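Some notes on the structure that comes next.
What you are looking at is a predicted structure, and each value in this text was computed from that prediction instead of being measured.
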Number of protein chains: 2
Amino acid sequence: MDTARELFLQKGFEATSIAEILRESGVNSGSLYYFFKTKEELLLAVLDWYVANLYREVIDPAVAQTKDAIGRVFAVLDGYREYLTITEFRQGCPIGNLALEMSEKSEAVREKVVLNFENWRKAIRQLLFDAGDLLPADVDRDALATFVLGVMEGGVMLSRTYRSLAPFQASIAMLRAHFDRLAAEANSTRNRTDC
Amino acid sequence: MDTARELFLQKGFEATSIAEILRESGVNSGSLYYFFKTKEELLLAVLDWYVANLYREVIDPAVAQTKDAIGRVFAVLDGYREYLTITEFRQGCPIGNLALEMSEKSEAVREKVVLNFENWRKAIRQLLFDAGDLLPADVDRDALATFVLGVMEGGVMLSRTYRSLAPFQASIAMLRAHFDRLAAEANSTRNRTDC
DNA sequence: GTCTATAACTCGATAGAC
DNA sequence: GTCTATCGAGTTATAGAC
């Protein structure tokens with residue numbers, strides 16, 4: 001399953017053949033099909049793994065970097081920047097690929113992809129709630145978390161296509177500019193109540 | 001080629017078989033291969049079509065809707081909202097799908113996808129320049145255009161996966177909030193120089 | 001639980017008549 | 001330029017011995 005996860009990530013689901021998974025992992029056909037009845041079941045197991053490991057792999061390392069809640073959101077995004085860089089833009093978000101490839105083909109896969117996105121989005125939303133009055137009170141944290149996820153996925157898509165960090169960097173810089181303005185607004189409101 | 005374009009859009013490149021294109025279009029194998037030496041060449045022709053038809057299909061209708069430059073940007077995005085809705089979230093941006101699916105598999109396709117993104121991005125960038133002092137002078141129009149593209153692609157990806165307009169709407173609403181703040185800042189700067 | 005061999009099928013692409 | 005027939009390779013999945 002680890003081999004399958006890596007190959008699905010590198011090449012997508014359809015483009016990865018069972019034969020290749022068997023060859024890379026040194027497993028034989030009969031053994032794989034003893035545990036996973038179909039190739040799709042193997043993918044579902046991989047998607048479960050991503051849900052189970054989001055915090056360990058993505059959120060916790062970012063949270064450990066800084067005590068600032070907003071800073072933690074950008075630390076998460078910085079993790080993706082780093083990942084794009086070390087893979088030379090060959091790999092991005094493991095879920096985003098599968099989202100567009102598989103949503104129309106398998107309802108079970110689509111639902112597990114939604115589960116992954118919701119998992120990620122809720123983690124970011126929690127950080128945004130943790131930010132408290134560093135953000136204006138009337139800002140919709142839920143929608144903002146969706147926005148952050150969308151900006152990340154869009155930026156990763158563009159940088160993978162361009163084979164350049166520039167689009168991702170530009171997107172994150174604009175997102176940062178937005179958060180700076182939100183923070184400034186929250187700050188001026190706080191000062192006003194201080195008077 | 002029209003049939004191929006629709007099928008590639010609906011199901012992706014790999015998932016669309018030549019046999020299906022032939023069946024749907026009523027064309028015979030020999031005829032297709034007389035014009036396109038490979039399936040990939042057929043895709044490249046489709047991608048050329050998208051470059052050639054961006055303005056006619058996407059930009060011009062949005063420009064016709066309003067004289068406000070920023071409004072035109074959001075009219076373009078609204079076109080994608082409408083498209084998501086009428087296809088019941090089954091189809092999004094034709095290029096975004098192919099970007100993630102094909103970037104690793106064919107350098108020629110990747111380059112044509114980049115061409116499509118650049119085409120789109122430049123159109124948006126022009127609108128942002130047209131906005132003149134409705135945006136703060138120090139805002140990087142180029143990066144902002146990339147941001148708009150990324151937000152659109154990310155929002156489309158999420159809405160297709162969730163089978164709901166909500167993520168796209170939330171993303172566009174947050175983007176709108178950002179533009180509103182930029183416009184407010186530009187406005188206060190203009191007023192200051194008026195004094 | 002794991003092995004090898006292969007069934008059953010679909011794929012992109014081609015040959016050669018017309 | 002278009003037709004039909006088909007090649008050869010690759011696909012997922014299974015059968016049946018161990």
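A heavy-atom distance below 4.0 Å to DNA chain D is reached by these residues of residues 29-36 of chain A, ordered by number: A:S29, A:Y33.
When DNA chain C is scanned in the 5' to 3' direction for atoms under 4.0 Å from non-hydrogen atoms of chain B, the outermost contacting nucleotides are C:dC11 to C:dT14.
To the nearest angstrom, P of D:dA5 lies 15 Å from CG of B:L22. Separating the NZ atom of A:K39 from the P atom of D:dG10 is a distance of 15 Å, rounded to the nearest angstrom. Between the CD1 atom of A:I18 and the P atom of D:dA9 there is a distance of 22 Å, rounded to whole Å.
Comment: B:R121 engages B:D142 in a salt bridge, judged by a side-chain N to carboxylate O separation of less than 4.0 angstrom.
Checked against side-chain contact (heavy atoms from CB on, under 4.5 Å), B:N187 has the following partners two or more places apart in sequence or in another chain: B:R190, B:N191. Listed by chain and number, the residues in a side chain to side chain donor-acceptor pair (under 3.5 Å) with B:S106 are B:E40 (sequence neighbours excluded). Residues satisfying the side-chain contact (heavy atoms from CB on, under 4.5 Å) test with A:V114, not counting sequence neighbours, are A:R110, A:E118, B:T161, B:Y162.
For an aromatic pair to be called close, the ring centres must be under 6.0 Å apart, and A:Y80 with A:F168 fails this.
None of A:E82, A:E88, A:R81 except one satisfies the side-chain contact (heavy atoms from CB on, under 4.5 Å) rule with A:T85; the exception is A:R81.
Looking at heavy atoms from C-beta onward, A:V113 lies out of side-chain contact with A:M102 at the 4.5 angstrom threshold.
Sorted by first and then second residue, the pairs that involve residues 158-181 of chain A and meet salt bridge (Lys or Arg N to Asp or Glu O under 4.0 Å), not counting sequence neighbours, are A:R160-B:E104, A:R163-B:E104, A:R163-B:E107, A:R181-B:E185.
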